[in-house]
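Throughout, protein chains are lettered first and strands after them, A, B, ... in sequence-line order, and every chain is numbered starting at 1.
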2 protein chains.
Amino acid sequence: MTQTAAILRTGRKFDQVLRGAREVFLADGFEGASVDDIARAAGVSKATLYSYFPDKRLLFTEVAQTECKRLAENVISMIDDSKPAREVLTIAATQLAAFLVSDFSQQVFRVCVAERDRFPELGMAFFEAGPQNGQRHMVEYLEKAVEKGELAIEDVQIAAEQFSELCKVRIWTKAALGIQTSFSKSEIDEIALQAVDMFMARYGV
Amino acid sequence: MTQTAAILRTGRKFDQVLRGAREVFLADGFEGASVDDIARAAGVSKATLYSYFPDKRLLFTEVAQTECKRLAENVISMIDDSKPAREVLTIAATQLAAFLVSDFSQQVFRVCVAERDRFPELGMAFFEAGPQNGQRHMVEYLEKAVEKGELAIEDVQIAAEQFSELCKVRIWTKAALGIQTSFSKSEIDEIALQAVDMFMARYGV
DNA sequence: TTGTATCTGAACTGATCGGTTTATAGTTTG
DNA sequence: CAAACTATAAACCGATCAGTTCAGATACAA
């Protein structure tokens, strides 16, 4: 699983190839990206590319795994206990909403959905690294807040899921369908505010 | 826009072609579907197919538009005033949640996302026929409920969007990523219940 | 029966793409 | 310098696919 197959991870041009592949795959998906395009984007000959990666699929999964790891790291550290719940949630909602409609997040999601049948394990990897990972942190925070008596939640798991879902309102679907691709700070803030208002109405003390 | 180009809508085999195209496109996406496959699925020769549709793109957009219209019709009539708000919302939430994770809805969404760059107008058509159309009905209902004093909502538009978003909690992302493709009635009911609970906590009188 | 329109199947074109090979040239190391 | 390694460009192969062509089959109307 960790070492999918015989991939030379050494060599001067390895990272260069990977960067080119990342760029083209995220832009065009798996089928849409031609190996020639990738080689060109990487500034490397096709033969060199094939000396590092035995085939296109393996190159793709390598890129996808790397991206999922980056995603996981990005999600962490959105939460800071000490402050009052409403404030913490507002900050988290704002950052989450902004992240959810970011180019990066959208491209990864798009490739996962588009390539779902060709790479069934990809959706799972993305889900664990992204949504599930973020929700785990959220659950931890909510539990502490409940202990402190700041919130009253029966089912913290579903509360966490509802919270992240509320951060998608109005903006996420539009981004996913390509209807609107950039969002102003005030649009984001408005959604975050509405999300927190609803969350606190339900779970506030 | 309505009449994308020269398409013969008459002829014995027109609907037959369209049905075959629907089947294959929804299953395989745009690139994944070969014209030969479509012709075979439609029980028609490729020459006949091309006598109705000048090219593959046009055939695809025709299918997509037709599907979006069907989608719109399905969304309507989920709402019945006379009953108390909580009951109406629960029924609507249950039906909406079930619809959102249905094979049909998922496949259409998937193709829209995957083919976003190739057909920018497709996402828009889907959005208008699906989410936006459904929300328009929801807004109408919410306005009446506010008038009757059953609900207290400042911004009915965002309330409607929050409502449909809450119906996706836990199930929708999993379905989109192919992690879980079928959902039990009790899973759906649980999500609907949680959605209504939260909605009523925020907007109930 | 004859004429007309539609449909069929199969072959074909031209283009793209994944993947391989080859002949060549630069770089490193001893 | 020479051997070993690494990279390159370009040609090439086999497969797939969109779209065309065409000779003949089918159906139907006068």
Whole Å only: how far is the CZ atom of B:Phe14 from the P atom of C:dA5?
22 Å
Atom pairs and distances, side-chain donor-acceptor, residues 122-132 of chain A, under 3.5 Å, sequence neighbours left out:
none

Taking only the side-chain nitrogens and oxygens of B:Tyr52, find out if one of them lies under 4.0 Å from OP1 or OP2 of C:dT6.
no
In this structure, how many angstroms lie between the P atom of C:dT20 and the NZ atom of A:Lys56, rounded?
14 Å
Rounded to whole Å, please give me the gap between CZ in B:Phe60 and P in D:dA18.
13 Å
B:Asp55 CG to C:dA15 P: how many Å, rounded?
17 Å
Below 4.0 angstrom from OP1 or OP2 of C:dT21, is there any side-chain N or O of A:Tyr50?
no
Going by number, which of residues 26-47 of chain B have a non-hydrogen atom under 4.0 Å from DNA chain C?
B:Gly43, B:Val44, B:Ser45, B:Ala47
Donor-acceptor pairs under 3.5 angstrom involving side-chain atoms of residues 173-180 of chain A: please list them, not counting sequence neighbours.
{"unit_1": "A:Gln180", "atom_1": "NE2", "unit_2": "A:Ser182", "atom_2": "O", "d": "3.3"}
{"unit_1": "A:Gln180", "atom_1": "NE2", "unit_2": "A:Glu187", "atom_2": "OE2", "d": "3.1"}

Rounding to an integer number of Å, can you tell me how far B:Leu49 CG sits from D:dT21 C1'?
16 Å
The side chain to side chain contact (heavy atoms under 4.5 Å, CB included) partners of A:Ala42 (sequence neighbours excluded) come to A:Val44
Does A:Tyr50 have any ring-ring contact (aromatic ring centres under 6.0 Å, His included) partners at least two apart in sequence or in another chain, and if so, which?
none
Candidate pair B:Arg202 and B:Glu154, rule salt bridge (charged side-chain N to carboxylate O under 4.0 Å, His left out), full reasoning:
CA-CA 11 Å; B:Arg202 172 76 222 269; B:Glu154 318 87 71; 3.1 Å; yes
Excluding sequence neighbours, so at least two apart, what forms side chain to side chain contact (heavy atoms under 4.5 Å, CB included) with B:Pro84?
B:Glu87, B:Glu150
